[in-house]
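Just so we're clear, the structure is a prediction, and the values are computed from it rather than from any experiment. So you know, we letter chains A, B, ... as the sequences are listed, proteins then strands, and number each from 1.
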2 protein chains.
Amino acid sequence: MAQRTGTTGSHRAAPEHTHPGDVPVQTALAALADPVRLTLVRELAGSAEWSRACGSFDVPVGKAALSHHFAVLRGAGIVEQRDEGPKRVNRLRRDEFEARFPGLLELVLREDRRQDRRED
Amino acid sequence: MAQRTGTTGSHRAAPEHTHPGDVPVQTALAALADPVRLTLVRELAGSAEWSRACGSFDVPVGKAALSHHFAVLRGAGIVEQRDEGPKRVNRLRRDEFEARFPGLLELVLREDRRQDRRED
DNA sequence: GCGAGTGTATGGTTTTCATCGAACAGTCGG
DNA sequence: CCGACTGTTCGATGAAAACCATACACTCGC
């Protein structure tokens, strides 16, 4: 056996993924209806695939909570994770998620630019 | 003063509405990420405008909770309400909401037909 | 193999939210 | 004006979810 899963040989359990096609709308909406996860998704969208490790995001929570949030995003079919050495790198499942929930991802991302204007 | 607000003269405080344009994505997503509210929206989508009073929906909750759910939907700019005699009738803000969150409403409604197949 | 770096799992606290029951406010028909 | 009907408000309860601190598991460079 030369290599198993990851880029380098990893003896760690690969993270369980849920395909977007198996995700109920409600789960997807709930996953995105959280400020921390929304930030993760947006930052992730602005980075190259597999370029961001879990700990590299700027969110105001401890690593335990952070790990939990990534588990939720994984369970909602929004992100894919892969072990790369000691770190776990991420990727937005843009196309697959888009196929399942057309426009949804684009919607929360567009909101990023729009931000919180609206002073009226 | 001849008449004030409603169809018939109503001396009741008109419900406070939030325009979809003033709604953060997060609020919209959270509002739709609930089974009861999702049912309300879907049933509402299948009915003529202003044809459904709050109490006419088939959801397994008491009227206190139901009233709360409608308040949430109102606050998310998803429904509009108007007093008509003793009852409060509803309307989906299809176009306005669509303008603010393109595709979102259609997404949760399409899911209605799709339902829970996916046995595979 | 040690130790630093990274992420997960566990246990317990706090917050948030859906829900109910009961009391209240309006509307309408007698 | 009374009583049926409809919906809101209030206070309390229970469940779910976010969070932290700690302890653990794995990778890698030395």
Side-chain angles (χ1 to χ4, degrees), chain A residues 3-17 26-27 29-40 44 50-76 79-91, chain B residues 3-17 26-27 29-41 44 50-76 79-90:
Chain A
Q3 57 190 153
R4 307 164 187 275
T5 40
T7 309
T8 342
S10 171
H11 296 184
R12 207 179 344 174
E16 265 190 33
H17 285 100
Q26 208 177 303
T27 303
L29 294 176
L32 293 172
D34 176 277
V36 173
R37 289 192 289 265
L38 218 32
T39 302
L40 296 179
L44 206 45
W50 307 122
S51 70
R52 304 290 304 269
C54 293
S56 76
F57 293 84
D58 186 29
V59 285
V61 295
K63 42 180 199 168
L66 186 59
S67 182
H68 162 68
H69 282 304
F70 272 107
V72 172
L73 289 176
R74 233 167 40 218
V79 307
E80 189 179 352
Q81 301 188 303
R82 179 213 295 174
D83 287 341
E84 204 159 282
K87 27 187 76 170
R88 179 162 286 189
V89 292
N90 303 274
R91 154 184 117 77
Chain B
Q3 55 189 152
R4 309 166 186 274
T5 41
T7 308
T8 341
S10 171
H11 295 185
R12 204 180 343 175
E16 264 191 34
H17 284 102
Q26 207 177 304
T27 302
L29 294 177
L32 293 172
D34 176 277
V36 173
R37 288 192 289 264
L38 218 33
T39 301
L40 295 179
V41 169
L44 206 45
W50 307 121
S51 72
R52 306 288 304 269
C54 292
S56 76
F57 293 83
D58 186 30
V59 284
V61 295
K63 45 181 197 166
L66 187 59
S67 182
H68 162 69
H69 283 303
F70 271 108
V72 172
L73 290 176
R74 231 166 42 216
V79 307
E80 189 179 352
Q81 301 189 302
R82 180 213 293 173
D83 288 339
E84 205 159 281
K87 28 187 75 170
R88 179 161 285 189
V89 291
N90 302 274

Name each donor-acceptor pair under 3.5 Å that joins a side chain in residues 52-59 of chain B to protein atoms two or more places apart or in another chain, with its distance.
from	atom 1	to	atom 2	distance (Å)
B:Arg52	NE	B:Ser56	OG	3.0
B:Arg52	NH1	B:Ser47	OG	2.8
B:Arg52	NH2	B:Glu43	OE1	3.0
B:Arg52	NH2	B:Ser56	O	2.8
B:Ser56	OG	B:Ala53	O	2.7

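- The separation between A:Asp83 atom CG and C:dT8 atom P is 8 Å, rounded to whole Å.
- Applying the side chain to side chain donor-acceptor pair (under 3.5 Å) rule to A:Glu80 yields the partners A:Arg91; only residues at least two apart in sequence or on another chain are considered.
- Distance NZ (B:Lys63) to P (C:dC24): 14 Å, rounded to an integer number of Å.
- For A:Arg88, the salt bridge (Lys or Arg N to Asp or Glu O under 4.0 Å) partners at least two apart in sequence or on another chain are A:Asp83.
- Between the two ends of the helix from C:dG1-D:dC30 to C:dG30-D:dC1, each summarised by a five-pair axis, the helix axis turns through 20° (rounded to 10 degrees).
- With A:His69 as reference, A:Asp34 is the one residue of A:Val79, A:Thr39, A:Asp34 to meet the side chain to side chain contact (heavy atoms under 4.5 Å, CB included) rule.
- Among residues two or more places apart in sequence or in another chain, the side chain to side chain donor-acceptor pair (under 3.5 Å) test is passed with A:His68 by none.
- In this entry the distance linking NE2 of A:His11 with P of D:dC28 reads 9 Å, nearest Å.
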N/O to N/O distances under 3.5 Å, protein versus nucleotides 15-19 of chain C:
from	atom 1	to	atom 2	distance (Å)
C:dA18	OP1	B:Arg37	NH1	3.4
C:dA18	OP1	B:Arg37	NH2	2.9
C:dA18	OP2	B:His68	NE2	3.0
C:dT19	OP2	B:His69	NE2	2.3

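- Nucleic acid contact for B:Lys87: sugar-phosphate only, since backbone atoms but no base atoms lie under 4.0 Å from a heavy atom of the residue.
- Here A:Ala71 lies out of heavy-atom contact (under 4.0 Å) with every strand.
- Here A:Arg12 does not reach the OP1 or OP2 of D:dA25: none of its side-chain N or O atoms lies under 4.0 Å away.
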Give each protein N/O atom lying under 3.5 Å from an N/O atom of nucleotides 11-16 of chain D, with the pair distance.
none

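- As rounded to whole Å, 14 Å separates atom P of C:dC28 from atom CZ of B:Arg88.
- Residue B:Gln81 contributes atom CD, which lies 12 Å from atom C1' of D:dT6 at whole-angstrom precision.
- The side-chain contact (heavy atoms from CB on, under 4.5 Å) check on A:Ala33 picks up B:Leu29, B:Ala30, with sequence neighbours excluded.
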